[in-house]
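Data first, discussion second: the structure below is written as structure tokens.
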Amino acid sequence: MTVQDSTISQPPSHPVVFLGAGPGDPELITLKGRRLLDQADLIIYAGSLVNKELLTGVQGECFDSAGMDLEQILKHIIAGYRKGQKVVRLHTGDPAIYGAIREQMQWLDKEEIPYEVVPGVSSAFATAATLKKELTVPEVTQTVILTRQAGRTPVPERESLRNLAAAQATMCIFLSVSMMDKVAADLIDGGYTPETPVAVVEKASWPEEKKLTGTLANIDEKIKASGIKKTAMIIVGPALDMESTIASKLYDTKFKHEYR
Ligand code: SAH
């Protein structure tokens, strides 16, 4: 056997990449993500939320997965991989959050196809940036909860918004703006006061981004008046209150510096 023959019989060597596209702004993708997109032969992107500007100038073939079911998506990925192509599955934000990558990875495991995951900027953090807020404020809250209202996808009762509200932490609520009335009612029932600050950002980091602020008592009315229906992040909690005068202990000169 010649060296060339043995090279040909090698299995394809490019792991499939699950890639976080970031929240929308094409500059909010990692350098690694940008390189992988530019080098890809096949890109299957979640067209409902991924900014197509990210695909401008790429050499690879691009397919929108919006109209495909899981099997169709996987067939595409696997066919590309078996041809030796560099395959990128492009997800909005960070793929670990409501990305439905678990079932795709399980399928690839069964087929013994290697893959890697490259993180992205989640819309939760793009929203915090738009709002210019820190989600963790000493002596107010040191916890951020990423969650959603139950919809077609059920949420276990122990982590219903009402139960989570008891912690009085900062909550980033995905996939729920169309149910704002119920979200606000559940959060108040669970323990937040009606005066708790809330912010909603639609299409954070996109040119058409819209932002609204209010309290749990009035946010639903404001959302209805604004016409915001989807692709919006709700952030709620006392950390949003900029009136609070509590300064971060970390920069207090009396605080030990070892853990900075
Ligand atoms: N993996 C994504 C979330 C996908 S679920 C991430 O990490 O951001 C889809 C939900 O994410 C939307 O319903 C909305 O709540 C939120 N979302 C996605 N992109 C957004 C954006 N640019 N601005 C505000 N919310 C966004």
Side-chain angles (χ1 to χ4, degrees), residues 17-30 32-33 37 43-55 64-66 68 70 73 88-105 115-133 135 144-155 159 161 164 170-184 186-187 198-214 219-220 222-223 226-237 240:
V17 178
F18 292 95
L19 175 58
D25 179 346
E27 289 191 314
L28 288 178
I29 187 169
T30 61
K32 184 169 186 171
L37 270 186
I43 299 165
I44 300 165
Y45 64 99
S48 50
L49 285 171
V50 166
N51 189 344
K52 284 172 203 60
E53 259 190 56
L54 282 164
L55 304 175
D64 183 354
S65 63
M68 300 185 200
L70 183 64
I73 293 169
V88 169
R89 172 73 175 118
L90 188 60
H91 282 275
T92 181
D94 185 280
I97 306 293
Y98 304 114
I101 56 169
R102 185 173 185 261
E103 49 266 52
Q104 300 176 62
M105 295 189 292
Y115 51 82
E116 59 177 292
V117 182
V118 176
V121 176
S122 175
S123 57
F125 302 116
T127 297
T130 289
L131 297 170
K132 304 191 177 85
K133 297 291 184 193
L135 304 182
V144 180
I145 297 173
L146 308 182
T147 189
R148 63 172 299 170
Q149 174 70 266
R152 263 184 307 169
T153 307
V155 170
E159 52 187 74
L161 289 184
L164 295 179
T170 303
M171 267 195 221
C172 300
I173 308 174
F174 291 72
L175 294 156
S176 305
V177 79
S178 65
M179 298 173 272
M180 192 70 231
D181 49 345
K182 183 153 174 40
V183 169
D186 285 358
L187 291 176
V198 195
V200 174
V201 178
E202 183 184 52
K203 299 202 92 172
S205 87
W206 292 67
E208 62 269 37
E209 167 186 289
K210 260 196 215 167
K211 125 179 118 170
L212 262 184
T213 55
I219 195 74
D220 179 44
K222 291 190 173 192
I223 293 289
S226 75
I228 293 175
K229 288 207 174 70
K230 57 176 195 169
T231 321
M233 175 66 51
I234 304 165
I235 301 192
V236 58
L240 298 186

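Ligands are counted one by one from 1 in listed order, and the atoms in each one are counted from 1 as well.
Of the residues I145, L135, I97, the one that meets the side-chain contact (heavy atoms from CB on, under 4.5 Å) test with C172 is L135.
The ring-ring contact (aromatic ring centres under 6.0 Å, His included) search around F125 returns none, not counting sequence neighbours. Listed by chain and residue number, T30, R35, L36, E116, V118 satisfy the side-chain contact (heavy atoms from CB on, under 4.5 Å) test with K32 (two or more places apart in sequence, or in another chain). The side-chain hydrogen bond (donor to acceptor under 3.5 Å, both in side chains) search around Y115 returns D109, not counting sequence neighbours.
Under 3.5 Å, the side chains of T130 and E209 contain a donor-acceptor pair of N or O atoms.
I228 is not listed as a side-chain neighbour of M180, based on a closest heavy-atom distance of 4.5 Å or more.
When heavy-atom distances to ligand 1 are checked against 4.0 Å, the residues falling inside are P23, L49, T92, G93, D94, I97, Y98, S122, S123, F174, L175, V201, K203, A204, W206, T231, A232, M233, ordered by chain and number.
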